[in-house]
Number of protein chains: 4
Amino acid sequence: MNKVILLGRLTRDPEMKNTTTGKAVTRFSLAVDRRFKNKDGQKEADFINIVVWGKQAEFAAQYLTKGSQISLSGRLEARSYEAQDGQRRYITEVVADEINFVSSGQKSSNAGAGFQQTSAPQSANNNNMSVMGLDEDFHLMADDDDIPF
Amino acid sequence: MNKVILLGRLTRDPEMKNTTTGKAVTRFSLAVDRRFKNKDGQKEADFINIVVWGKQAEFAAQYLTKGSQISLSGRLEARSYEAQDGQRRYITEVVADEINFVSSGQKSSNAGAGFQQTSAPQSANNNNMSVMGLDEDFHLMADDDDIPF
Amino acid sequence: MNKVILLGRLTRDPEMKNTTTGKAVTRFSLAVDRRFKNKDGQKEADFINIVVWGKQAEFAAQYLTKGSQISLSGRLEARSYEAQDGQRRYITEVVADEINFVSSGQKSSNAGAGFQQTSAPQSANNNNMSVMGLDEDFHLMADDDDIPF
Amino acid sequence: MNKVILLGRLTRDPEMKNTTTGKAVTRFSLAVDRRFKNKDGQKEADFINIVVWGKQAEFAAQYLTKGSQISLSGRLEARSYEAQDGQRRYITEVVADEINFVSSGQKSSNAGAGFQQTSAPQSANNNNMSVMGLDEDFHLMADDDDIPF
DNA sequence: TTTT
DNA sequence: TTTT
């Protein structure tokens, strides 16, 4: 069991790349407000690195922008890489497999983007709308290596 | 492990009662949108019964109203009771221990209620504000029966 | 967002059926221990109804038995049905989309069942083994109605 | 909303320290098995850094050892610190607020440790026993800074 | 109607 | 390196 559930806002526009095998990867940082203020009465946030793969990566790149408020679920992944100084560096990020749109980060409505977010939350029938269509990158399931038993 | 995480809107104003021992209990129903439309292209929702105890019950009763958008975490509880027809009836509800305010259900600002939610989500600096102060009903911890080992 | 994460034991063998459309559904009840004893010092449990669909339903029916300890994640679903007495009855159950095997409910090893659970947890390299291969019933994704935007 | 739920095993004995203000902090690394094997058919795990505060830190230090199988819930926290080379380094760890014991990492029973875990999981009446008594470090709640509204 |  |  390895589950992460977050609610927050993109700190910048997502960045999509393609792996050498042609698979899309989108990355962004999510600002997640802490429940409690710190000693100085300041509201703080945690900035969590998010990774999205495959078809969802394309949706994320297309529909999310800096300031978008989303909820997501995924799993924690720890990996290491060689830094420029030759040292091994360890980072942990969240691989999202489900992203839900909560509200736009844009003041002006995102015309043509697939969402019509209005300013009145209670009239918006697209709050909590799901941005993503799939619960993971399924075609991976085709080869045996992915069968977990 | 018994965790539930929900994001949705109150279908009506919360109702607070006091137990005979003087403890506050607040109940409401939360509409949680499904990710996928049904065969008829209709958006559906699940309506989940939420229970909140103690100090948080008071906060919930005070700050939440029909239409409030909240995220919450808690645990699933199954209980049975004797129905009017003498039969045993089984119900399962979510006992919330953490509630976060996402957006108001009110068009007009909730003056004096502790939140100043405006109608424009992107200008609201109190999105994701926490409504609740405690992570469970702690004074229960005082007596031995609550120690889990 | 609608997430449930549970860790518990099957109270009986799972029951698989097939819908009229030929889709497998497996149901069982999961006993989830409460963290705290009640006033009488008694350990209690919640008994949660679990539903599994599709390919996973078949796996669950095949590999899980009364007493199996599993962790699962899924979503809460509330539905109503007509009871025998003609009344509308409301029930909420957990639709599991990911099930992980933690330990067998059998004293004797489950020879031939795909798991070789030994009695020494620390030597068992198949603890937490995933029983299920898919994260939902994906072929649903094929038709437009399931696209959430 | 910031929730993490993990099921895994301690990779080493937990380490407890005391802050200058006299508060206990315990740290350990949790090996969380991945659901799917990698391309080479190898089972992999993520190694997640866990932090526990206050009274729970003491319990964790006392009852958990290398190999203990636990489930936990908590929140993701990202922080930065100055590395030896003067550079800012970013790390994210899980602050656990609820830990449940699933099985011991010890072959021999942990006599006197509060758990009597035997080597046969199905006979152990303390599976899923809760190690921790509190759901966070509550006395923090006493001062105003912690009130989230 | 409940598991270990 | 951070969002509202």
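Order of the sequence lines fixes the chain letters, A, B, ..., with proteins taken first and strands second; residue numbering starts at 1 for each chain.
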Check: N2(D) side chain, R75(D) main-chain N or O, donor-acceptor pair, under 3.5 Å: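 Not at all, since once roles are kept as given, no pair shorter than 3.5 Å links the two residues.
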
Flag, side chain of R9(D) to backbone of G67(D), donor-acceptor distance under 3.5 Å: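 Confirmed, R9(D) side chain pairs with G67(D) backbone.
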
Spacing between [X] atom [atom1] and [N] atom [atom2], to the nearest angstrom:
| X | N | atom1 | atom2 | answer |
| --- | --- | --- | --- | --- |
| F28(C) | dT2(E) | CZ | P | 18 Å |
| F101(A) | dT3(F) | CZ | P | 18 Å |
| I70(C) | dT3(E) | CD1 | P | 15 Å |
| F47(C) | dT3(E) | CZ | P | 7 Å |
| E77(D) | dT2(F) | CD | C1' | 16 Å |
| R27(C) | dT3(E) | CZ | P | 20 Å |
| I50(A) | dT3(F) | CD1 | P | 16 Å |
| N2(B) | dT3(E) | CG | P | 18 Å |

Looking only at the side chain of [X] (C-beta and beyond, no hydrogens), which of the listed nucleotides [options] gets closest?
| X | options | answer |
| --- | --- | --- |
| K66(C) | dT1(E), dT3(F), dT3(E) | dT3(E) |
| R9(A) | dT3(F), dT1(F), dT3(E) | dT3(F) |
| T11(C) | dT2(E), dT1(F), dT3(F) | dT2(E) |
| A31(C) | dT3(F), dT3(E), dT2(E) | dT3(E) |
| A45(A) | dT3(F), dT1(E), dT1(F) | dT3(F) |
| Y90(D) | dT2(E), dT3(F), dT1(F) | dT1(F) |

Between N49(A) and R27(A), is any side-chain donor less than 3.5 angstrom from a side-chain acceptor?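 N49(A) vs R27(A): no donor-acceptor pair found between side chains.
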
So with a 6.0 Å cut-off around CD of E44(A), is the heavy-atom count from everything else above 12?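 Above 12, so yes.
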
Test I70(A) against L7(A) for side-chain contact (heavy atoms from CB on, under 4.5 Å), laying out the working first. CA-CA 6 Å; I70(A) 61 172; L7(A) 176 62; over 6 Å; no

